[in-house]
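Below is one structure, written out as structure tokens; the observations come after it.
Throughout, protein chains are lettered first and strands after them, A, B, ... in sequence-line order, and every chain is numbered starting at 1. Note that the structure is predicted; figures quoted are calculated from it, not measured. The figures here come from the full heavy-atom set of this structure, side chains too, leaving out hydrogens, waters and symmetry mates.
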Amino acid sequence: MIKTKKNTAFYIEIISLLLLMLFGISVLVQVFGKAQQMGNDAKALSVTVPLARNAAEVFSACDDTELISEMLSETSQKLQSGAVVAFYDINGLPTTLQQAYYTLEMNFTEKEFTVAAQIKLMHNLIEIYTLDTEKYINRS
Amino acid sequence: MKWKTKNSKPYFSMALFALLILATLALVLVGSRVYQLLVQGQNINSNGRAVHAYLYSQLRGADHTDGIILGKGPQGQALILQENIDGAVYETRIYIYENQLVEEYATQNTPFNPQRAQVVAQAEQLDIEKIKNNLFKINTDEGMLYFAPRSAGGAA
């Protein structure tokens, strides 16, 4: 009788310990997973923000969308809608559509005295960073 | 049977202990790997940002008429940022010298003196190209950046 009680107590202790350990592991794995995800997001931002900033500078200096497209990269394209699309690899270097990791899309909106550009950086159609900029235009 | 039961407990306890140790080691390994990747990413990010942020802030500070000039430094191109103080012209010269991006502050028309320059960052490349009257293209080790001086009057 005494032996049975001891065994039961031992197994309850083991099960409690295992449950506690599993709980601890599941929490830590989630924390590590989240940390890795945040690290990847930060890395993506550190690549895409300079690309958007460069595009904004080019937009500031050029009126012609053909020229903007040419400046961004050799493989960038001007769409029929007037938008400009450029493709970059995982390190932010210009590449082709087939090898693209990031896609930069510039949409333009003409207003009375200004032109606005929305610069959108995406990976697999998921938006990573968006920059809105605007400049005055001389219509005379 | 009684003998077998008595001896199986220590083995079970030892196996459990070993499992706990292995699980802890695995967690430490995974954690250190994640931390290593994060630090690596952070370093790449901060190095890239440091040089580009420095160049941007200097260029923006010199964004006035004839404030930005391209010149020749001791080992390649130099970015010369001019400012007029009480009638005297002073220059902030940014160039590569002995694999370092350096900044030298001097009066106009004095020769380059890298010994007096301050080190900004470790770098081997600083290629500056004036694409248009209002657009500079600068290539560094950390990538390419465009700069459009607002003083040039927008698109031209």
Side-chain angles (χ1 to χ4, degrees), chain A residues 3 6-7 10-11 13-15 17-18 20-22 24-29 31-47 49-64 67-68 70-73 88 91-94 114-115 133 135-138, chain B residues 2 5-6 8-9 12-13 15-17 19-24 26-49 51-53 56 59-60 130-138 140 142-150 152-156:
Chain A
K3 193 179 175 184
K6 267 188 181 172
N7 277 346
F10 177 73
Y11 286 122
E13 194 183 331
I14 294 297
I15 289 166
L17 190 68
L18 282 173
L20 193 70
M21 194 179 86
L22 282 174
I25 287 173
S26 68
V27 169
L28 285 174
V29 164
V31 169
F32 292 153
K34 184 76 181 165
Q36 183 135 27
Q37 182 61 43
M38 286 172 78
N40 290 342
D41 291 349
K43 194 179 173 190
L45 269 180
S46 70
V47 173
V49 170
L51 293 176
R53 191 173 54 189
N54 278 345
E57 293 291 319
V58 169
F59 167 71
S60 169
C62 308
D63 276 344
D64 184 12
L67 193 58
I68 292 172
E70 197 181 301
M71 293 279 183
L72 289 179
S73 82
Y88 299 93
N91 297 312
L93 298 171
T114 60
V115 179
T133 181
K135 68 174 179 181
Y136 284 99
I137 44 167
N138 189 359
Chain B
K2 219 172 179 180
T5 314
K6 269 187 181 174
S8 66
K9 261 192 191 171
F12 181 69
S13 302
L16 194 67
F17 181 68
L19 182 74
L20 277 170
I21 294 290
L22 283 175
T24 312
L27 275 176
V28 169
L29 283 174
V30 171
S32 61
R33 179 75 187 143
V34 169
Y35 182 73
Q36 193 183 6
L37 285 173
L38 287 177
V39 170
Q40 202 179 354
Q42 205 175 22
N43 285 341
I44 293 167
N45 188 10
S46 60
N47 287 346
R49 278 190 184 189
V51 173
H52 284 188
Y56 258 111
L59 287 162
R60 281 272 170 258
K130 193 170 184 177
I131 296 177
K132 293 175 70 188
N133 182 40
N134 59 348
L135 189 64
F136 288 91
K137 184 181 178 182
I138 302 170
T140 69
E142 309 302 338
M144 183 262 290
L145 70 92
Y146 280 112
F147 177 75
R150 304 304 189 254

Examine whether an atom of A:L18 lies under 4.5 Å from a heavy atom of chain B, and if so say whether it belongs to the side chain, the backbone or both; otherwise answer neither. side chain
Measuring heavy-atom distances to chain B, does A:L93 have an atom under 4.5 Å in its side chain, in its backbone, in both, or in neither? neither
Using side-chain hydrogen bond (donor to acceptor under 3.5 Å, both in side chains) as the criterion, list what pairs up with A:D41, not counting sequence neighbours. A:Q37
With chain A as the partner, which of B:F147, B:Y35, B:F136 has the greatest number of non-hydrogen pairs under 4.5 Å? B:F147
Tell me, out of B:L27, B:T24, B:I131, who's got the most heavy-atom pairs with chain A below 4.5 Å. B:L27
In terms of heavy-atom proximity below 4.5 Å to chain A, should B:L20 be classed as side chain, backbone, both, or neither? both
In terms of heavy-atom proximity below 4.5 Å to chain A, should B:L16 be classed as side chain, backbone, both, or neither? side chain
Give the minimum heavy-atom separation between [X] and [Y], together with the two atoms involved.
X: A:E57; Y: B:A148; value: OE1-N, 2.6 Å
X: B:N134; Y: A:A61; value: ND2-O, 3.1 Å
X: A:N54; Y: B:Y56; value: OD1-OH, 3.8 Å

Comparing A:P50, A:A35, A:G39, A:A55 against chain B, the one with the most heavy-atom pairs below 4.5 Å turns out to be A:A35
Nearest 0.5 Å, what's the [atom1]-[atom2] distance between [X] and [Y]?
X: A:M21; Y: B:L19; atom1: CE; atom2: CG; value: 4.5 Å
X: B:L38; Y: A:M38; atom1: CG; atom2: CE; value: 9.0 Å
X: B:Y146; Y: A:L72; atom1: OH; atom2: CG; value: 7.0 Å

Would you say the side chain of B:V30 lies within less than 4.5 Å of the side chain of A:L28, judging by non-hydrogen atoms? no
